[in-house]
S.K.: 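Have a look at this one before I ask anything.
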Amino acid sequence: MPRMDWFKRVSLNNENAKKEGDAIQLIFDGDSITDFWAGRGKAIWTERYGNYHAFNFGIASDRTEHVLWRLSQGQVDGLHPKLIVLLIGANNVFANPPEQIAEGVKAIVADYRKRCPNSSILLQGIFPSGASSTSPRRAPTKTVNDIICKLADGKKVIYIDFGEKFLSPDGSLSAEIMPDFLHPSTKGYQIWADAIQPIIDQQLGAK
């Protein structure tokens, strides 16, 4: 069960988002990897997304079920973003089989489509983790990504998997890119920002 501070964080996020309302053109949602844009990725966030009044709903440790619950509690009620950037499922990898994780992601995409029908969704493949290409997280992550990539519809749901940009030629993951082999460093956030910028420019216009 989530801690009480988690519920408070959800409530505060919802309150702050409502204050910004229609000014929000860009939403990010997910777990700690998204949440930490406010830490290691803060300077890049401000530079790249400040003009879009971007809002970050990501919360550390969240799994697919947490995002679904947050949405059910009115997270995006009254908001009309042009683009929703979604990255979720990493914390489900050892808790659920890949097919179930993919079903969770599918449910989130469907829920966002219902609540924000005029928004586009940028669905990202789960990032690679673990120091080596044989890390036990790699295979189930790939299986999930192989399933969720099919959610792209060529219209309102865009899929991108740029995980290889984090990796060395031998498939290993360096501490320079992800110090704990899960969460990006500032350099990792720069790689992320560069990878999705063309889609943001296309959907929101360059600023």
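These numbers were taken from a predicted model, which means no experiment stands behind them.
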S.K.: Please identify each residue that fulfils side chain to side chain contact (heavy atoms under 4.5 Å, CB included) with H53, with sequence neighbours left out.
M.R.: E20, A23

S.K.: Among R70, K18, R115, which residue meets the side chain to side chain donor-acceptor pair (under 3.5 Å) test with Q75?
M.R.: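 Running side chain to side chain donor-acceptor pair (under 3.5 Å) over R70, K18, R115 with Q75 returns exactly one hit, R70.
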
S.K.: Side chains of K142 and D146, heavy atoms from C-beta outward: is any pair under 4.5 Å?
M.R.: yes

S.K.: Do I199 and L204 share a hydrophobic cluster (ILVMFWY, side-chain heavy atoms under 4.5 Å, transitive)?
M.R.: yes

S.K.: Please determine whether residues I147 and I121 belong to a single hydrophobic cluster, defined as Ile, Leu, Val, Met, Phe, Trp and Tyr linked transitively by side-chain heavy-atom distances below 4.5 Å.
M.R.: no

S.K.: Might you point out which heavy atoms bring R40 and P179 nearest each other, and give the distance in Å?
M.R.: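 Minimum heavy-atom contact is NH1-CD, 4.0 Å.
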
S.K.: Let me confirm one number: the CG-CG distance from N56 to N13, rounded to the nearest 0.5 Å.
M.R.: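 The CG atom of N13 is 8.0 Å from CG of N56, to the nearest 0.5 Å.
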
S.K.: I'd like to check F55 versus L79 (side-chain heavy atoms, cut-off strictly below 4.5 Å). Are they in contact?
M.R.: no

S.K.: State plainly whether one hydrophobic cluster holds both I27 and V85, where clusters connect Ile, Leu, Val, Met, Phe, Trp and Tyr through side-chain heavy atoms under 4.5 angstrom apart.
M.R.: no

S.K.: Would you say the side chain of T186 lies within less than 4.5 Å of the side chain of I44, judging by non-hydrogen atoms?
M.R.: yes

S.K.: Quick one, P128 and R138 - any side-chain contact, counting heavy atoms below 4.5 Å?
M.R.: yes

S.K.: List the atom pairs, with distances to 0.1 Å, where a side-chain N or O of residues 98-109 and a protein N or O form a donor-acceptor pair under 3.5 Å, not counting sequence neighbours.
M.R.:
from: Q100; atom 1: OE1; to: N96; atom 2: ND2; distance (Å): 2.7

S.K.: Taking all non-hydrogen atoms of both residues, which atom of H183 and which atom of S32 are closest, and how far apart?
M.R.: NE2-OG, 2.7 Å

S.K.: Does any part of the side chain of E65, heavy atoms only, come nearer than 4.5 Å to the side chain of W69, both counted from C-beta?
M.R.: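 W69 vs E65: side chains apart.
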
S.K.: Has the side chain of S11 got a donor or acceptor atom that lies under 3.5 Å from a matching backbone atom of F7?
M.R.: no

S.K.: Can you name the nearest heavy-atom pair linking L182 to S129, along with the distance?
M.R.: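 Distance-wise, the nearest heavy atoms are CD1-CB, 3.8 Å.
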
S.K.: Any side-chain heavy atom of L87 sitting closer than 4.5 Å to one from W192?
M.R.: yes

S.K.: Within the side chain of S119, is there an N or O that forms a donor-acceptor pair under 3.5 Å with the backbone of K82?
M.R.: no

S.K.: With heavy-atom distances below 4.5 Å as the criterion, would you say the side chains of F57 and L71 are in contact?
M.R.: no

S.K.: For Y49 and Q25, what are the C-alpha separation, side-chain angles and deciding distance, and is it a side chain to side chain donor-acceptor pair (under 3.5 Å)?
M.R.: CA-CA 10 Å; Y49 315 128; Q25 300 179 54; over 6 Å; no

S.K.: Test your reading of the model: is there a side-chain donor-acceptor pair from N91 to the backbone of R63, 3.5 Å cut-off?
M.R.: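 Side chain of N91 to backbone of R63, a donor-acceptor pair under 3.5 Å: no, none is there.
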
S.K.: At their closest point, which heavy atom of C116 faces which heavy atom of V76, and how far apart are they?
M.R.: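 Closest pair (atom of C116, atom of V76, distance): SG-CG2, 3.8 Å.
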
S.K.: Search all heavy atoms of A90 against all heavy atoms of R137 and return the closest pair with its distance.
M.R.: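 Smallest interatomic distance, heavy atoms only, reads O-NH2, 2.7 Å.
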
S.K.: Is there a path from I33 to I200 through hydrophobic residues (I, L, V, M, F, W, Y) whose side chains come within less than 4.5 Å of each other?
M.R.: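 Cluster IDs for I33 and I200 match.
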
S.K.: For residues G130 and L173, report the shortest heavy-atom separation together with the two atoms involved.
M.R.: O-CB, 3.5 Å

S.K.: Under a 4.5 Å cut-off applied to non-hydrogen side-chain atoms, are M178 and F127 in contact?
M.R.: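 They are in side-chain contact.
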
S.K.: Which residue is it: W37, F28, F36? I am looking for the one with a ring-ring contact (aromatic ring centres under 6.0 Å, His included) to Y189.
M.R.: W37

S.K.: If the threshold is 4.0 Å, N to carboxylate O, is there a salt bridge linking R48 and D201?
M.R.: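 Answer for the salt bridge query: no.
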
S.K.: Can we say D35 and R9 salt-bridge, meaning some charged N sits less than 4.0 Å from an Asp/Glu carboxylate O?
M.R.: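 Answer for the salt bridge query: yes.
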
S.K.: Report all side-chain donor-acceptor pairs from residues 155-169 shorter than 3.5 Å, counting only partners two or more places apart or in another chain.
M.R.:
from: K156; atom 1: NZ; to: N118; atom 2: O; distance (Å): 3.0
from: D161; atom 1: OD1; to: G163; atom 2: N; distance (Å): 3.1

